[in-house]
2 protein chains.
Amino acid sequence: MAKSAISNSVIRRLPRYYRFLGDLEANGYVRISSRELAEKMGLTASQIRQDFNCFGEFGQQGYGYNVTGLKAEIGKILGLDKQTPMILLGAGNLGRALASHIDFRNRGFDLIGVFDANPELVGKRIGELTVMSVADIEGFCKEHKPEAAILCIPREAAEKEVDRLISYGIRAFWNFTHYDLRVTHKDVAVENVHLGDSLTTLSYCINTSDE
Amino acid sequence: MAKSAISNSVIRRLPRYYRFLGDLEANGYVRISSRELAEKMGLTASQIRQDFNCFGEFGQQGYGYNVTGLKAEIGKILGLDKQTPMILLGAGNLGRALASHIDFRNRGFDLIGVFDANPELVGKRIGELTVMSVADIEGFCKEHKPEAAILCIPREAAEKEVDRLISYGIRAFWNFTHYDLRVTHKDVAVENVHLGDSLTTLSYCINTSDE
DNA sequence: ACCGCCTTGTTTAATTCTTGACAAACTTTG
DNA sequence: CAAAGTTTGTCAAGAATTAAACAAGGCGGT
């Protein structure tokens, strides 16, 4: 792929495009123009056309874009045509909620193992999986080769585990721990999720909108 | 406050500043320079100074910023010096996880009620709260005047409830439903959280970093 | 109390991102 | 089959964001 460098702004919009195209498809749309999509998404048509053009020419003049085709193209760009095996660390409230709430398969991942340090949780079932002890991680990784991990464990634990996980072959972290995970390894990806920050932003909006 | 218009980019960084300042404070830092903070946060010192200057002059030349003082100032900007009463709709996995995982008080909110449509969940306890029936929302709002709501319910339910909630006085939504909530009312704030999009972004990073 | 060093607040410049404009090309209709 | 109407891909202009530069002012050591 001769993508010189896709800007971060564009990348952040891709999942949203994918989501809207899925909705359109579900509602029976066969074709969509940039103008119409822009209206639905609250963007400009120009931006949409320019975003898509980073990756190729998916549309047809005079017609627009084929919804299913475009969705498939963007899905491929996002890597959703394959599934990266993933493990979950931390089977507390949040870990369990994610495991049952997220559609991993359609997001490019396959959740294959859940681990927790608390012996009381080990052995409990979460969906189709059984919680294992953190002591079993190494063996599990050797055998099943997961390449991504969700971190739903306390900060101290996360800071300790990350290097170990990388050495086991993990090269992507979805981090819900309350700190910004930063990794020096070149090809390890990190997505920090800060729900607290999101809520704080809402607080700001409330307290300034009406002045 | 004579803020002509704070850019969205700045606002999105504020909660992160607040978080880092809290960490610094906890680690015994009394003062911090923009240069040092920039290094810790992976930003430029220039950006930090410019961001803070949107709201006033919090630093001192030759010294830097007082950690506790700056944190308090940013907290005030974010509206964290007061607590907006908030209710949770949906006591499923995700709703319960948020209720127990999020430090509402330190994010400018106070969770005072939980509601669910499922009769089996009504009456169950979540932390210090008891799940109520959605039928009781109106009465509860009239009595306790919540001004914010978390949406952890299915899309169809959310689309139906939102207008009703606004009419009851809710003017901020933290939306975890799988669609972009858009509200026409002028002073209703919405923060859409798409965990799926976040995970999808991670998929993209994995599948493009190593080419 | 003075001098040198450091750091802010602010101005200016560079870069990035977004929007507008338009020719080329396809679709649809008569 | 031709003409009218759309819509894309792309280029160029305009905003917005980020980074660099620097004068002014306070701190700390002597």
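Order of the sequence lines fixes the chain letters, A, B, ..., with proteins taken first and strands second; residue numbering starts at 1 for each chain. Because the structure is predicted, anything quoted here is derived from the model rather than measured. Keep in mind that the numbers below use all heavy atoms, side chains included, and drop hydrogens, waters and symmetry copies.
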Visitor: Knowing that exactly one of B/Ile126, B/Leu121, B/Val134 qualifies, which makes a side chain to side chain contact (heavy atoms under 4.5 Å, CB included) with B/Asp116?
Guide: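 Exactly one option meets the side chain to side chain contact (heavy atoms under 4.5 Å, CB included) with B/Asp116, and it is B/Leu121.
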Visitor: Nearest-nucleotide wise, let me know which of A/Ser7 and B/Gly56 is further upstream toward the 5' end of DNA chain C.
Guide: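 Here B/Gly56 is the residue nearer the 5' end.
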Visitor: Kindly assign one of parallel, tilted or perpendicular to the pair A/Phe104 and A/Trp174, based on the angle between their ring planes and the thresholds 30° and 60°.
Guide: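 Answer is perpendicular, since the angle exceeds 60°.
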Visitor: Scan the side chains in residues 81-89 of chain B for donor-acceptor partners under 3.5 Å anywhere in the protein, sequence neighbours excluded, and list what turns up.
Guide:
residue : atom : partner  : partner atom : Å
B/Gln83 : NE2  : B/Arg105 : O            : 3.1

Visitor: Contact list please: residues 11-27 of chain A against DNA chain C, heavy atoms, distance less than 4.0 Å, in numerical order.
Guide: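 The stretch gives A/Arg13 as the residues lying under 4.0 Å from the strand, ordered by number.
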Visitor: Could you tell me whether A/Ser46 contacts a base, only the sugar-phosphate backbone, or nothing, with contacts defined as non-hydrogen atoms closer than 4.0 Å?
Guide: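 Base, at least one base heavy atom under 4.0 Å.
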Visitor: Measure up the B/Phe52 and B/Tyr17 rings against each other and bin them: parallel (under 30°), tilted (30 to 60°), perpendicular (over 60°).
Guide: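 Perpendicular.
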Visitor: Roughly, in whole Å, what's the span from CD in A/Gln47 to C1' in D/dG9?
Guide: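 My rounded result for the distance is 16 Å.
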Visitor: What's the CD1-P distance between A/Ile6 and C/dC17, to the nearest Å?
Guide: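 Atom-to-atom, A/Ile6 to C/dC17, this comes out as 11 Å.
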Visitor: Give a yes/no answer on whether the side chain of A/Arg35 brings an N or O atom under 4.0 Å of OP1 or OP2 in D/dT6.
Guide: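 For D/dT6, neither OP1 nor OP2 has a side-chain N or O of A/Arg35 closer than 4.0 Å.
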Visitor: Test salt bridge (charged side-chain N to carboxylate O under 4.0 Å, His left out) on A/Arg155 and B/Asp23 and set out the steps.
Guide: CA-CA 12 Å; A/Arg155 173 172 184 163; B/Asp23 283 359; 3.1 Å; yes
Visitor: Taking only N and O in the side chain of A/Asn53, is any of them less than 4.0 Å away from OP1 or OP2 of D/dT8?
Guide: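 Checking A/Asn53 against D/dT8: no side-chain N or O falls below 4.0 Å of OP1 or OP2.
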Visitor: For nucleotides 26-29 of chain D, give me every protein contact, N/O to N/O, under 3.5 Å, one pair per line with atom names.
Guide:
residue : atom : partner : partner atom : Å
D/dG26  : O4'  : B/Gln61 : O            : 3.4

Visitor: Starting at atom CG of A/Asp51, determine the distance to atom P of D/dT8, rounded to an integer number of angstrom.
Guide: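 After rounding, the gap between these two atoms is 13 Å.
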Visitor: Taking atom P of D/dT7 as reference, at what distance in whole Å does atom CD1 of A/Ile48 sit?
Guide: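 Checked: the CD1 to P distance equals 13 Å.
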Visitor: Check for me whether B/Arg31 meets the cation-pi criterion with B/Tyr63, that is, NZ or CZ under 6.0 Å from the six-membered ring centre and within 45 degrees of the ring axis.
Guide: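 Because its charged atom sits under 6.0 Å from the ring centre and within 45° of the axis, B/Arg31 does stack over B/Tyr63.
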Visitor: To the nearest angstrom, how far is A/Arg49 atom CZ from D/dC11 atom P?
Guide: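 Between P of D/dC11 and CZ of A/Arg49: 14 Å.
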Visitor: Classify A/Tyr65 by what it touches in the nucleic acid, base, sugar-phosphate, or nothing, heavy-atom distance under 4.0 Å.
Guide: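 Here A/Tyr65 touches the backbone only, sparing every base.
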Visitor: Has the side chain of B/Thr44 got a donor or acceptor that lies under 3.5 Å from a partner of the other kind on the base of D/dA19?
Guide: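 Side chain to base: no pair present.
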Visitor: Taking atom P of C/dC22 as reference, at what distance in whole Å does atom CD of A/Gln50 sit?
Guide: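 Whole-Å distance recorded here is 16 Å.
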Visitor: Check this for me: does any side-chain nitrogen of one of B/Arg12 and B/Asp51 sit under 4.0 Å from a carboxylate oxygen of the other?
Guide: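 Not counted as a salt bridge, because no side-chain N and carboxylate O are separated by less than 4.0 Å.
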Visitor: Rounded to whole Å, please give me the gap between CZ in A/Phe55 and C1' in D/dG9.
Guide: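 That distance rounds to 16 Å.
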Visitor: Could you tell me if B/Asn192 and B/Asn175 have a donor-acceptor pair between their side chains, going purely by distance under 3.5 Å?
Guide: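 There is such a pair (donor and acceptor under 3.5 Å, judged by atom type) between the side chains of B/Asn175 and B/Asn192.
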Visitor: I need the CG-P distance between A/Leu43 and C/dC17, as an integer number of Å.
Guide: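 Taking atom P of C/dC17 as the reference, CG of A/Leu43 is at 16 Å.
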Visitor: Which of these, A/Thr200, A/Thr201, A/Leu202, sits in a side chain to side chain contact (heavy atoms under 4.5 Å, CB included) with B/Arg107?
Guide: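 Among A/Thr200, A/Thr201, A/Leu202, the one that satisfies the side chain to side chain contact (heavy atoms under 4.5 Å, CB included) with B/Arg107 is A/Thr200.
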